Trainee: 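Take this structure first; my questions come after.
Since we're looking at a predicted model, the values are computed, not measured.
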Amino acid sequence: MVLTAEATPTTAPGPGGLTITDVRLTPILVADPPLLNTQGVHQPYTPRLIVEVVTEGGVTGVGETYGDTKYLELARPFAERLVGHSVADLNGLLTLAGQLDVDAARVENSVDVGGLRGVQTADKLRLSVVSGFEVACLDALGKTLDVPVHALLGGKVRDRVEFSAYLFYRWAEHPDGAGESDDWGAALDPAGVVAQAERFTRDYGFTSFKLKGGVYEPAEEIAAVRALAERFPGQPVRLDPNGAWSVPTSLKVAEALSDVLEYLEDPTSGTANMAEVAGRTDLMLATNMCVTTFAEIREAFLHGAVQVVLSDHHYWGGLRRTRELAAVCRTFGVGLSMHSNTHLGISLAAMTHVASTVPNLDYACDSHYPWQTEDVITARLTFTDGCLDVPEGPGLGVELDRERLAVLHRRWLDDDGTMRERDDAAAMRVADPGWVTPAVPRW
């Protein structure tokens with residue numbers, strides 16, 4: 001069933017019908033292809049959480065974030081506290097989040113496998129929960145005022161946002177025929193990666209490419225990047241092994257690909273190792289692992305560990321904090337792009353709105369969206385020439401498909417619990433019972 005929060009207001013009602021009278025939380029399971037990474041493989045289904053805030057004016061705003069149990073456990077009490085607040089009180093969301101108890105022993109210093117974004121902390125968990133509610137509040141506020149979300153963020157500086165084709169090594173299907181089938185086929189070698197890129201170009205018009213690495217020996221992934229560069233000469237290519245390599249290996253790969261890579265993303269784990277690699281190569285290094293909070297910026301920037309930060313409003317606590325990150329990057333001369341994890345149309349719309357307002361969006365954004373065959377909005381967002389037009393309707397400019405939402409929620413209810421936590425290593429053990437989450441560096 002949908003989890004609904006109805007509680008006594010904790011603050012004075014907001015003005016003009018903006019007071020939140022109800023909050024609905026709907027955990028869902030969404031089909032995910034067998035995409036490979038250094039931790040293992042995506043499970044047949046991945047958990048997401050759809051957030052709805054309802055105002056006394058009868059407006060409903062929608063948001064989306066991670067749906068694993070640890071996020072749900074925080075989202076439920078947060079939803080209860082939110083009733084009675086104004087959707088315009090966005091600063092108050094962080095205050096409320098700070099009051100939420102987190103089981104530190106369960107969270108602190110664990111690896112965030114689902115997002116592949118480095119070490120998890122209680123604060124990062126809180127921010128990922130807040131992000132879904134902030135987007136829902138902005139959506140409701142925009143609908144109430146009859147303006148798009150980008151107008152609430154200061155106004156767009158571009159009408160279209162460029163995205164990059166997100167390439168993966170992948171199997172043709174999940175083990176034992178689990179999950180939903182697709183027609184992409186396997187991509188397990190350079191030829192398979194190139195064929196995948198050709199389809200992304202044909203179907204969506206992407207002109208830049210990012211390969212998820214850390215799956216095979218570095219020499220194999222170097223060959224794949226070389227094959228992409230040969231097939232698409234002059235077009236930007238990126239490689240992201242999610243910290244799977246040692247410093248020496250990172251330097252060898254950087255030397256081998258310095259003439260074709262736009263940037264190398266998280267070749268090694270930790271700011272200190274990234275700084276060492278950055279100091280010994282001219283190739284730009286990017287991250288969505290060692291800089292994911294404001295507290296992590298100082299060390300990374302002062303030591304020159306990264307030249308590009310991949311923002312993610314789920315990590316940073318929402319769209320407004322994403323703009324704050326952009327301003328800090330602009331101040332320090334650090335480039336900016338946008339990270340993506342498995343997400344649906346609500347999150348993609350939110351990403352597009354905030355990306356349209358950032359002057360220093362220096363590189364095409366990532367997006368898993370073309371891999372997702374299921375959604376909870378009535379009309380899928382469409383890439384044209386590798387770009388998304390910025391939505392102009394009120395709020396996010398998307399409409400919730402309640403019938404599809406109910407179907408995906410039913411899947412979550414019917415699950416025995418194995419899919420409610422994203423675990424790429426567990427999914428790999430279905431095919432390889434002896435698989436152990438690799439220690440880093442792997443190579």
Side-chain angles (χ1 to χ4, degrees), residues 90 94 112 115-119 121 123-124 127-128 130-131 134-135 149-150 152-158 160-164 166 208 210 236 238-240 242-243 261-279 281-341 347 350-367 390:
L90 301 173
L94 293 172
D112 188 338
L116 290 173
R117 57 171 170 175
V119 175
T121 68
D123 283 341
K124 290 181 182 181
L127 290 172
S128 292
V130 166
S131 69
E134 189 227 40
V135 169
V149 163
H150 66 73
L152 301 176
L153 299 174
K156 62 181 181 178
V157 296
R158 57 182 63 84
R160 309 183 86 198
V161 174
E162 184 182 3
F163 287 82
S164 181
Y166 207 153
S208 64
K210 171 177 169 175
R238 312 158 183 175
L239 177 61
D240 173 21
N242 282 118
L261 280 183
E262 182 178 36
Y263 57 66
L264 182 58
E265 181 181 337
D266 288 308
T268 190
S269 296
T271 299
N273 285 341
M274 288 283 285
E276 184 175 353
V277 173
T281 179
D282 292 330
L283 184 62
M284 291 192 299
L285 301 188
T287 188
N288 71 273
M289 294 181 68
C290 64
V291 179
T292 59
T293 66
F294 286 100
E296 294 170 332
I297 287 177
R298 179 181 175 86
E299 180 185 8
F301 285 15
L302 290 182
H303 289 87
V306 298
Q307 290 71 55
V308 181
V309 170
L310 277 71
S311 65
D312 187 320
H313 73 272
H314 303 92
Y315 292 9
W316 292 86
L319 307 187
R320 296 178 314 128
R321 285 172 64 93
T322 300
R323 283 181 47 79
E324 293 174 13
L325 168 65
V328 174
C329 289
R330 187 164 63 248
T331 300
F332 282 86
V334 172
L336 189 72
S337 185
M338 188 171 287
H339 169 261
S340 166
N341 193 18
S347 278
M351 292 165 62
T352 305
H353 275 281
V354 70
S356 77
T357 71
V358 174
N360 56 312
L361 188 68
D362 304 294
Y363 304 94
C365 303
D366 296 344
S367 178
V390 181

Trainee: Could you go through the side-chain contact (heavy atoms from CB on, under 4.5 Å) check for L239 and Y263 one step at a time?
Mentor: CA-CA 7 Å; L239 177 61; Y263 57 66; over 6 Å; no
Trainee: Start with the C-alpha distance between F301 and V306, add both sets of side-chain angles, then the distance that settles side-chain contact (heavy atoms from CB on, under 4.5 Å), and finish with yes or no.
Mentor: CA-CA 7 Å; F301 285 15; V306 298; 3.9 Å; yes
Trainee: Can you check whether K210 reaches F163 side chain to side chain, under 4.5 Å on heavy atoms?
Mentor: no
Trainee: Determine, step by step, whether S311 and H339 satisfy the side chain to side chain donor-acceptor pair (under 3.5 Å) criterion, reporting the C-alpha distance in whole Å, the side-chain angles of both residues, the deciding distance to 0.1 Å, and the verdict.
Mentor: CA-CA 6 Å; S311 65; H339 169 261; over 6 Å; no
Trainee: Would you mind reporting whether W316 and E324 have side-chain heavy atoms less than 4.5 Å apart?
Mentor: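 Of all side-chain heavy-atom pairs linking W316 with E324, none is under 4.5 Å.
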Trainee: Can you name the closest pair of heavy atoms from L94 and V130 and give their distance?
Mentor: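 Minimum heavy-atom separation between L94 and V130: CD2-CG1, 4.0 Å.
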Trainee: Atom NE2 of H353 and atom NZ of K156: how far apart are they, to the nearest 0.5 Å?
Mentor: 9.5 Å
Trainee: Measure across C290 and M274 and return the closest heavy-atom pair with its distance rounded to 0.1 Å.
Mentor: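 Where C290 meets M274 most closely, the heavy atoms are SG-CG, 4.2 Å.
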Trainee: Less than 4.5 Å apart, side chain to side chain, heavy atoms only: is that true for N288 and D312?
Mentor: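 A side-chain contact under 4.5 Å is absent here.
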Trainee: Does any donor atom in the side chain of H303 or T271 lie under 3.5 Å from an acceptor atom in the other side chain?
Mentor: no
Trainee: Is the closest side-chain heavy-atom distance between V308 and E265 below 4.5 Å?
Mentor: no
Trainee: Under a 3.5 Å distance rule, please check whether R330 uses its side chain to pair with a backbone N or O of P359 as donor and acceptor.
Mentor: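 No, the answer is negative, given that no donor and acceptor are paired below the 3.5 Å cut-off.
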Trainee: Let me see the working for R160 and V390 under side-chain contact (heavy atoms from CB on, under 4.5 Å), right down to the final yes or no.
Mentor: CA-CA 6 Å; R160 309 183 86 198; V390 181; 5.7 Å; no
Trainee: Are the side chains of Y315 and T322 in contact, using a 4.5 Å heavy-atom criterion?
Mentor: no
Trainee: Could you go step by step and tell me if R321 and F294 meet the side-chain contact (heavy atoms from CB on, under 4.5 Å) rule?
Mentor: CA-CA 9 Å; R321 285 172 64 93; F294 286 100; 3.3 Å; yes
Trainee: For T287 and D266, work out which heavy atoms get closest and say how close.
Mentor: OG1-OD1, 2.7 Å
Trainee: Output the distance between atom CD (E162) and atom OG (S367), rounded to the nearest 0.5 Å.
Mentor: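 OG of S367 is found 13.0 Å from CD of E162.
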Trainee: Could R238 and E262 be called an ion pair, given the rule that one side-chain N must be under 4.0 Å from one carboxylate O?
Mentor: yes
Trainee: What pair of heavy atoms forms the shortest contact from A300 to V291, and how long is it?
Mentor: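 Heavy atoms of A300 and V291 come nearest at CB-CG2, 3.4 Å.
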Trainee: When rounded to the nearest 0.5 angstrom, what is the spacing between CG in L310 and CG in D240?
Mentor: 8.0 Å
Trainee: Which atom names give the shortest non-hydrogen contact between V157 and T357, and what distance separates them?
Mentor: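 It is CG2-C, 4.1 Å.
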Trainee: Going from CZ on R323 to CG on L153, what distance comes out if it is rounded to the nearest 0.5 angstrom?
Mentor: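 Reported value, rounded in 0.5 Å steps: 6.5 Å.
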Trainee: Between K124 and T293, does the side chain to side chain donor-acceptor pair (under 3.5 Å) criterion hold? Intermediate values first, please.
Mentor: CA-CA 7 Å; K124 290 181 182 181; T293 66; 5.7 Å; no
Trainee: Begin from the C-alpha positions of S164 and D366 and carry the test side chain to side chain donor-acceptor pair (under 3.5 Å) through to its verdict.
Mentor: CA-CA 5 Å; S164 181; D366 296 344; 5.1 Å; no
Trainee: Hey, are the side chains of L264 and M284 touching, using non-hydrogen atoms and a 4.5 Å cut-off?
Mentor: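 With C-beta onward as the side chain, the pair stays apart.
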Trainee: How close do S356 and H150 get, heavy atom to heavy atom, and via which atoms?
Mentor: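 Minimum heavy-atom separation between S356 and H150: OG-CB, 3.6 Å.
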Trainee: Measure the OG-NE2 distance between S131 and H314 for me, rounded to the nearest 0.5 Å.
Mentor: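 One gets 5.5 Å once the value is rounded to the nearest 0.5 Å.
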Trainee: Would you indicate whether the side-chain heavy atoms of L361 and S337 approach each other to under 4.5 Å?
Mentor: no
